[in-house]
Peer 1: 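Starting off with a structure, shown below.
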Amino acid sequence: MSTEFSTVSPEKGPRTAGVKLVDPRWLMLQRSVAIGMIVAFAAVMGLVAQAVVPPLAIGAIAFALPLVLMRSRPKGAAIAIGVLSVLWVLFTLPVPGAVIDDLLQPEEVVEFMVTLALLVLPLAGVVGLIGILRRSAAVIATRTMQATIALVVAGAVIGVGAMALSNDEDNSVTATGDDDAVVALESNEFEPESMSVPTGTTVTWRWDEDVEHNIVADEFDSGNRSRGTFEHTFDNPGTYSYECTLHPGMTGEVTVDAAIDR
Ligand SMILES: [Cu+2]
């Protein structure tokens with residue numbers, strides 16, 4: 001064994017057969033970014049859309065490929081994860097509205113966490129790409145990783161806290177006219193979940209996201225759809241429960257109360 005192998009600079013890593021290896025801390029950063037992105041894509045499809053969303057499925061596969069190659073071609077795989085991160089940042093830049101919208105609603109904890117992760121992780125991947133290409137000190141990789149974890153943990157604390165606070169609120173709303181009697185379908189929930197209205201009110205359900213839902217009750221059935229509105233006029237006092245049969249637990253209630261003034 002030549003001395004060359006034992007006097008390795010920690011910044012540049014060992015040299016084997018002329019191939020300059022990347023510091024394992026940069027590889028660890030990129031591997032974490034890829035795993036995090038796959039988990040986030042899976043969470044969007046499994047928990048939010050509850051369907052396979054082709055661009056996200058392709059994204060997950062794209063990040064999985066370099067992970068598989070990490071053992072045989074660590075540097076190439078780490079660079080590929082960085083390039084995918086750049087592409088993801090460019091892909092999401094044109095839709096800041098949706099990103100900001102999700103970030104401003106931490107009580108919708110799943111969307112909030114996923115949006116935060118899909119923002120922070122690719123930025124870490126971009127830092128990783130630049131660091132590897134510029135052969136920057138690997139301590140930057142460690143710092144980037146710590147900052148990423150800190151942001152995600154802080155996000156989880158904020159999200160769970162906001163969710164706990166919002167659950168304490170009474171989710172029942174009283175509408176005094178057709179204009180107020182609007183129920184949004186978002187995040188696999190009816191918002192508001194329960195509404196009191198005067199007799200003769202026409203309640204409007206509005207699809208806010210391109211996610212398929214239906215509104216089914218004994219008295220009405222909207223059928224499956226992913227956009228637009230559905231209306232039903234409640235002519236008789238009583239309590240009317242309804243549900244989306246596509247999403248277990250997605251339920252709502254309209255109470256028609258003759259005592260409410262229009
Ligand atoms: Cu639904």
Side-chain angles (χ1 to χ4, degrees), residues 38-60 92 95 97-118 155-156 159-160 162-175 178-197 201-236 238-256:
I38 293 167
V39 170
F41 287 139
V44 175
M45 292 188 285
L47 299 173
V48 182
Q50 300 198 340
V52 173
V53 183
L56 301 182
I58 292 167
T92 48
V95 287
V99 173
I100 292 165
D101 204 45
D102 278 338
L103 289 178
L104 288 180
Q105 296 185 62
E107 70 276 11
E108 302 291 341
V109 68
V110 173
E111 282 90 335
F112 174 71
M113 285 304 298
V114 163
T115 306
L116 183 68
L118 289 176
V160 171
M163 185 181 64
L165 285 177
S166 71
N167 278 357
D168 286 343
E169 291 167 17
D170 187 358
N171 195 22
S172 182
V173 165
T174 299
D178 294 354
D179 291 346
D180 300 333
V182 179
V183 179
L185 283 70
E186 52 180 30
S187 312
N188 293 347
E189 281 174 10
F190 293 107
E191 179 57 44
E193 226 172 270
S194 118
M195 183 183 273
S196 297
V197 298
T201 301
T202 298
V203 174
T204 302
W205 286 266
R206 193 183 68 216
W207 277 252
D208 274 2
E209 304 159 330
D210 280 351
V211 176
E212 194 162 69
H213 299 292
N214 58 39
I215 301 155
V216 179
D218 292 341
E219 300 77 12
F220 50 88
D221 185 341
S222 71
N224 293 357
R225 56 165 80 182
S226 57
R227 61 184 67 212
T229 57
F230 173 74
E231 292 179 356
H232 180 78
T233 302
F234 292 87
D235 289 322
N236 299 304
T239 299
Y240 301 83
S241 297
Y242 59 88
E243 63 172 342
C244 168
T245 60
L246 303 178
H247 299 113
M250 184 170 176
T251 58
E253 195 178 79
V254 171
T255 302
V256 181

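Everything quoted here is computed from the prediction, not taken from an experiment. When a ligand or atom number is given, it counts from 1 through the structure's own listing order.
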Peer 1: Looking only at N, O or S atoms, find the one in His213 nearest to the Cu ion (ligand 1) and name it.
Peer 2: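 Answer by atom name: ND1.
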Peer 1: I want to check something: taking the side chain as every heavy atom from C-beta on, are His232 and Trp205 in contact at a cut-off of under 4.5 Å?
Peer 2: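 Yes; the side chains approach each other to less than 4.5 Å.
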Peer 1: Answer yes or no: is there a donor N or O on one side and an acceptor on the other, between the side chain of Glu209 and the main chain of Ser187, under 3.5 Å?
Peer 2: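 Such a contact is found between Glu209 side chain and Ser187 backbone.
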Peer 1: Which heavy atom of Asp180 sits nearest to which heavy atom of Met195, and what is that distance?
Peer 2: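 Heavy-atom minimum between the residues: O-CE, 3.9 Å.
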Peer 1: As a test of reading the structure, name the N/O/S atom of His247 that is nearest the Cu ion (ligand 1).
Peer 2: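 This residue's closest N, O or S atom turns out to be ND1.
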Peer 1: Check the orientation of Phe220 and Tyr242. Use parallel for under 30°, tilted for 30 to 60°, and perpendicular for over 60°.
Peer 2: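 Rings of Phe220 and Tyr242: tilted, 30 to 60°.
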Peer 1: How wide is the angle at the Cu ion (ligand 1) spanned by Met250 SD and Cys244 SG, rounded to 10 degrees?
Peer 2: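 Roughly 110°, rounded to 10°.
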